[in-house]
A.B. asks: 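Here it is, the structure in full.
Bear in mind the structure is a predicted one, so any value in this text is a computation, not a measurement. Order of the sequence lines fixes the chain letters, A, B, ..., with proteins taken first and strands second; residue numbering starts at 1 for each chain.
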Amino acid sequence: MKIHIQSKTYPAVGKAAVKAAIADFALDLNAGEFVCLVGPSGCGKTTLLNILAGLDKDYQGEIGGGQPPKIGYVFQNPRLLPWRTVRENIELVLAEATPASTVDALLDAMQLTSVQQVYPERLSLGMSRRVAIIRAFAVNPDLLLMDEPFVSLDAPTARQVRELLMQLWQQRPHRVLFVTHDLREAIALADKLVFLSASPMTVVRTLTVPIARNKRNDEAAVEAFRQQLKQDYPDINVLL
Amino acid sequence: MKFRPFILPALSLLALIALWQGVALLVDSHTLPAPYTVAVVLWQAIVSGQLPYHLGVTLLRLVVSFTVAMLMGSAIGIVLGRSEKLNAFFDNWLVIFLNVPALVTIILCYVWLGLVESAAILAVVINKLPNVIVTVREGTRALDQDLLEMARCYGFSKGKTLRHVIWPQLHPFVMAATRSGLALIWKIILVVELLGRSNGMGYQLHLFFQLFDVASILAYTVAFVVVMQVFEVAVLKPLDRSAQRWRR
């Protein structure tokens, strides 16, 4: 899947001047590839995801060619419907004919079977995030977008959700675009790292993560690669 | 102390009746009959079938005009809340209709359409509609954009978005419009009936006024208040509870 956004500008509103959000962004996404977008906050990552999700149509560029891809989107906030139970929230995004076993399996994989009839306001943030991840996986997307889905979780919870996410993803790999500004997290998850400049956004550098999938929980290996990156490419230091 | 919730309201009601009785004794005039007299008149009116008939007619008008006003008002309110241009255009209309006195609408409806049932219903609807529109419009403006984006991104149909994303957020506003609406509508309906109908509570009250029959006026009032309270407890409260069950 080819993605090429040539430019995206926000029109002037009130006293705010015209703002260029994306100057140039090109990415080739292979099937089943997990790509992490790393860049400073406010660099236009969420803008990019909203364009890819079809929420923002005011841009210059091209996505995928032909039919718009089916999207799963894990927003920065879980964005669950508070008046629908966990299970209803997931079922709502599915086609009517989807068998119940699909949802059962996903709930089980994310260890949420026991709370499936609970309303989201009674869940912890970590649990809500897991529900949002299930919802995105459940539609079996061509492209899965994740916008800092682990931000404001405490470290052990973030690790737990990350591990569950990896298990789920390895069962059924999708193309994933995962936005983060945590380089360690990106190295632990990604096949490919894309470093982005400050606004207006351009691609600074694209790198492949050489660590084997089964070694990603090894924090020493992740940290060693991170140090190596910072040494080899001093230009990425300013982005983090 | 489990019986407390029932005992306090009962006591306050008894106190009100006692106060009424006390004043009636003090004044000792047929313009303020005692509670017992009113109860007897009420009983006779029920047994004779007069009160059930007129109350039924009024309630039917209430149900019809209320339903029409709520449905139209919700639809228009949602549209105006979602479209800035339409809202900018129609805002003045709303302000004007909000401020036209109920009596004027009623008279004009009767003058233009004649003393017919549809004119009566229309007059009530026109009086209530702007209130519903304004309330629902405010609710629509306050809709959560994040959730709407989520619905769009996951390809929710219009109907699905309305039912699962928009409606639950509008529910408190619609309930507010319902409560204030019922209170407003039934007062207007009485005036509509008084001016141009030959049945219903308003017509009866007018009759009793000409006869100076205060006991009957009070008896009909009691009946109406009881019916509205039963509606509140039996319909609105359970509706509220079921819609709020997701709250912590």
Side-chain angles (χ1 to χ4, degrees), chain A residues 46-47 49-57 67-96 98 115 117-124 128 131-147 177, chain B residues 70 74 77-78 81-85 87-88 135-179 235-248:
Chain A
T46 302
T47 304
L49 293 194
N50 282 341
I51 289 175
L52 295 175
L55 296 173
D56 187 343
K57 306 226 189 273
Q67 284 224 341
K70 197 201 277 180
I71 299 289
Y73 198 159
V74 182
F75 300 91
Q76 223 170 79
N77 301 317
R79 301 203 190 176
L80 303 173
L81 299 171
W83 39 82
R84 297 287 181 262
T85 63
V86 166
R87 196 180 178 95
E88 286 167 343
N89 262 286
I90 299 164
E91 284 171 344
L92 271 173
V93 302
L94 297 173
E96 303 243 329
T98 315
V115 295
Q117 304 302 346
V118 169
Y119 288 99
E121 292 209 346
R122 297 199 177 86
L123 299 180
S124 68
S128 303
V131 178
I133 291 171
I134 292 181
R135 182 172 62 183
F137 269 85
V139 298
N140 206 6
D142 302 320
L143 176 59
L144 181 58
L145 306 171
M146 304 184 89
D147 191 359
L177 268 188
Chain B
M70 287 305 289
S74 298
I78 290 175
R82 306 220 61 182
S83 158
E84 250 172 72
K85 274 189 194 139
N87 185 48
T135 313
V136 174
R137 183 183 65 179
E138 295 316 310
T140 310
R141 279 183 183 158
L143 285 180
D144 189 329
Q145 292 303 319
D146 282 2
L147 292 180
L148 287 171
E149 272 186 10
M150 185 280 292
R152 209 139 56 86
C153 163
Y154 282 106
F156 281 28
S157 66
K158 277 219 163 85
K160 204 174 190 180
T161 307
L162 184 66
R163 188 164 150 228
H164 297 287
V165 184
I166 296 179
W167 180 253
Q169 297 184 63
L170 288 184
H171 185 270
F173 292 89
V174 172
M175 283 311 276
T178 299
R179 289 228 161 76
V235 180
L236 294 185
K237 282 250 168 77
L239 220 58
D240 252 355
R241 237 174 285 136
S242 80
Q244 305 293 327
R245 69 189 181 283
W246 54 273
R247 285 192 199 275
R248 225 171 345 179

A.B. asks: Does the side chain of A/T85 reach to within under 4.5 Å of the side chain of B/W246, using non-hydrogen atoms?
C.D. replies: no
A.B. asks: Side chain, backbone, both or neither: which part of A/V93 has a heavy atom under 4.5 Å from chain B?
C.D. replies: both
A.B. asks: With a 4.5 angstrom heavy-atom cut-off, is it the side chain or the backbone of A/L52 that approaches chain B, or both, or neither?
C.D. replies: neither
A.B. asks: Could you look at A/R79 and say if it's the side chain, the backbone, both or neither that has a heavy atom under 4.5 Å from chain B?
C.D. replies: both
A.B. asks: Heavy-atom distances under 4.5 Å only: say whether A/F75 touches chain B with side chain, backbone, both or neither.
C.D. replies: side chain
A.B. asks: How many angstroms lie between atom CZ of B/R163 and atom CG of A/L92, to the nearest 0.5 angstrom?
C.D. replies: 8.5 Å
A.B. asks: A side-chain contact here means heavy atoms from C-beta on lying under 4.5 Å apart; do B/M150 and A/L81 qualify?
C.D. replies: yes
A.B. asks: Sub-3.5 Å donor-acceptor pair from the side chain of A/W83 to the main-chain atoms of B/R245, do we have one?
C.D. replies: no
A.B. asks: Drop me the distance from B/E149's CD to A/D56's CG, to the nearest 0.5 angstrom.
C.D. replies: 9.0 Å
A.B. asks: Compare every heavy atom of A/R84 with every heavy atom of B/P168, then report the nearest pair and how far apart it is.
C.D. replies: CG-NH2, 4.3 Å
A.B. asks: Non-hydrogen atoms of chain B under 4.5 Å away: do they reach the side chain of A/L80, the backbone, both or neither?
C.D. replies: backbone
A.B. asks: Is the number of heavy atoms from other residues, nucleotides or ligands under 6.0 Å of B/E84 CD greater than 12?
C.D. replies: no
A.B. asks: Is the shortest heavy-atom distance from the side chain of B/Y154 to the side chain of A/R135 under 4.5 Å?
C.D. replies: yes
A.B. asks: Please check if the number of heavy atoms outside B/R179 that lie under 6.0 Å from its CZ is greater than 12.
C.D. replies: yes
